[in-house]
Amino acid sequence: MNEQEFAELAAGAALDALSPDDQQRYHAALVANPQWQAIADDDVDTAGMLASGAAPVVPGPGVRAALLARIAETPQDGRVIVSGSVPDALPESNSADTKDSADAEDSSSVADGLESDGLEPGDPRAAASPKAPPHRLRILFTLAACLALLVGVGIGAVAVNDYLNRPASVIALQDIQAAGDAQQASVPLEGGGTATAHWSASLGTSVLVTDGIPSLADGETYELWYVRGDTPVSAGVFDADGGEATAVLAGDMHAGDVIAVTVEQAGGSPSGSPTTDPVVVIPTA
C-alpha cells in the first residue's frame with residue numbers, strides 16, 4: 001500500500017466509514033508505516049472540527065423516519081448497491097466478444113485488487129462483496145472540510161460586521177471601561193429600576209446605562225444634562241426601549257460635573273434649560 005492509498009483509508013477512518021476489511025488494512029498499514037500517523041491525526045482533527053463547528057439544529061419530524069428507512073435498506077457491510085435495468089440480451093454479433101472482453105477486464109481488475117491488498121487469488125477474503133472505492137471517501141472528506149471552512153468564514157464575517165457596526169454608545173462605554181481611570185456610580189430609580197453612570201476624566205466621556213426606567217408618553221423624551229455648579233448643559237436626548245437604554249452624553253465632561261436626566265418634550269427642552277425636576281442625579285465627584 002502506498003501513501004496515497006493510506007490517505008484515502010485514513011479519511012474514511014476519521015469519518016468512521018470503513019468496512020471491516022478496510023479497517024484491518026488501515027490498522028495494518030499504520031503499524032507497518034508509523035510515519036503515516038500524522039496523516040491519520042490530521043484527518044481526525046479535521047473531523048472533530050466538522051463535528052464541533054456547526055450550531056445544533058433541531059431536525060424536522062420526518063427526518064428520523066426517512067433516515068431509519070434508508071438505514072434499513074442499505075447494506076452495512078460495505079457492499080455497493082448497483083441500480084438500473086440490464087438488457088435481456090446483447091446483439092448476437094457482439095455478445096460473445098463483449099462477454100469475453102468484460103470477463104478479461106473483470107479478471108484483471110480483481111487480480112490487481114488482490115495484489116494491492118496483499119491477498120492471493122485463493123484467499124477466502126477474495127470472495128467478499130465489492131466495496132465503495134476509498135477515493136470517494138477522500139473526496140467526501142475534502143468537501144466536508146471545505147464546507148466547514150466556508151461556514152467558519154461566514155461566521156467570522158458576521159462577527160466582524162457586528163463589531164464594525166457597534167452603536168456609538170457601546171463604543172464609548174467600551175472605551176471608558178478600558179481606560180485606566182474608569183469610574184462608575186449607580187442610583188435607584190422610582191419604580192425599582194437602576195441608573196448607572198460610567199465616565200473617564202482622561203477621555204472626557206461619560207455614558208448612562210438604565211435598567212427599568214419608566215416608559216414615557218408620546219411626545220416626551222429623556223434629556224441628559226451636565227450640571228456644572230448651577231449651570232445645566234444639555235448633553236442630548238434618548239429613548240428607553242423596554243426600560244433599558246445606553247446613552248453617551250454629548251460634549252466633553254468636566255471634572256466635578258453632575259450627570260442628570262429630565263423628562264422633556266420630544267426633541268428636548270426648547271429653552272435649553274430643564275423644564276422639569278430631574279429623575280436621575282449622579283454626582284461624579
Side-chain angles (χ1 to χ4, degrees), residues 49 52-56 148-149 151-218 220-269 272-285:
M49 181 187 66
S52 62
L149 177 61
V151 170
V153 170
I155 293 173
V158 171
V160 170
N161 183 68
D162 290 344
Y163 180 81
L164 294 177
N165 290 283
R166 294 170 296 163
S169 57
V170 173
I171 296 175
L173 180 58
Q174 292 173 342
D175 290 342
I176 291 171
Q177 292 172 335
D181 61 344
Q183 298 184 65
Q184 68 179 59
S186 299
V187 295
L189 297 173
E190 184 178 351
T194 303
T196 302
H198 301 261
W199 69 91
S200 165
S202 62
L203 297 178
T205 305
S206 62
V207 171
L208 182 72
V209 178
T210 65
D211 182 11
I213 194 169
S215 299
L216 298 179
D218 291 341
E220 292 182 330
T221 190
Y222 287 109
E223 186 162 3
L224 294 157
W225 304 90
Y226 283 128
V227 181
R228 296 180 181 138
D230 295 329
T231 305
V233 179
S234 178
V237 299
F238 71 93
D239 295 317
D241 183 9
E244 297 182 352
T246 300
V248 58
L249 279 72
D252 292 334
M253 176 184 175
H254 294 182
D257 280 352
V258 173
I259 296 174
V261 178
T262 60
V263 177
E264 305 292 344
Q265 69 182 46
S269 170
S273 297
T275 61
T276 63
D277 292 334
V279 296
V280 174
V281 177
I282 302 178
T284 64

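Separation of atoms CD1 (Ile282) and CG (Asp257) is listed at 13.0 Å; rounding is to 0.5 Å. Taking CG of Asp241 as the reference point, atom OG of Ser215 lies at 8.5 Å (rounded to 0.5 Å). Here Leu216 contributes atom CG and Thr221 contributes atom OG1; the two are 7.0 Å apart, rounded to the nearest 0.5 Å.
Heavy-atom minimum distance, His198 versus Leu173: CG-CD1, 3.6 Å. When all heavy atoms are compared, the tightest approach of Ile176 to Ser206 is CD1-CA, 3.8 Å. When every heavy atom of Pro283 is checked against every heavy atom of Trp199, the shortest pair comes out as O-CH2, 4.2 Å. Shown here for Leu189 and Asp211, the closest heavy-atom pair between the two residues is CD1-O, 4.4 Å. In terms of heavy-atom proximity, Val207 sits nearest to Thr246 at CG1-CG2, 3.8 Å. Among all heavy-atom pairs drawn from Leu208 and Ala195, the shortest one is CD1-CB, 4.3 Å.
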### Task
Would you sort out whether Val261 and Trp225 count as a side chain to side chain contact (heavy atoms under 4.5 Å, CB included), showing the intermediate values?
CA-CA 6 Å; Val261 178; Trp225 304 90; 5.8 Å; no
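Looking at heavy atoms from C-beta onward, Val237 lies out of side-chain contact with Glu264 at the 4.5 angstrom threshold. Contact of the Arg228 side chain with the Val233 side chain is registered, since non-hydrogen atoms from C-beta on lie closer than 4.5 Å.
Side chain of Thr276 to main chain of Val263: a donor-acceptor pair is present (N/O by atom type, distance under 3.5 Å, no hydrogens or angles). A donor-acceptor pair under 3.5 Å is formed between the side chain of Asp181 and the backbone N or O of Ala201.
In this model, no donor atom of one side chain and acceptor atom of the other lie less than 3.5 Å apart for Thr210 and Tyr222. Side chains of Ser234 and Glu223: a donor-acceptor N/O pair is present below 3.5 angstrom, by distance only.
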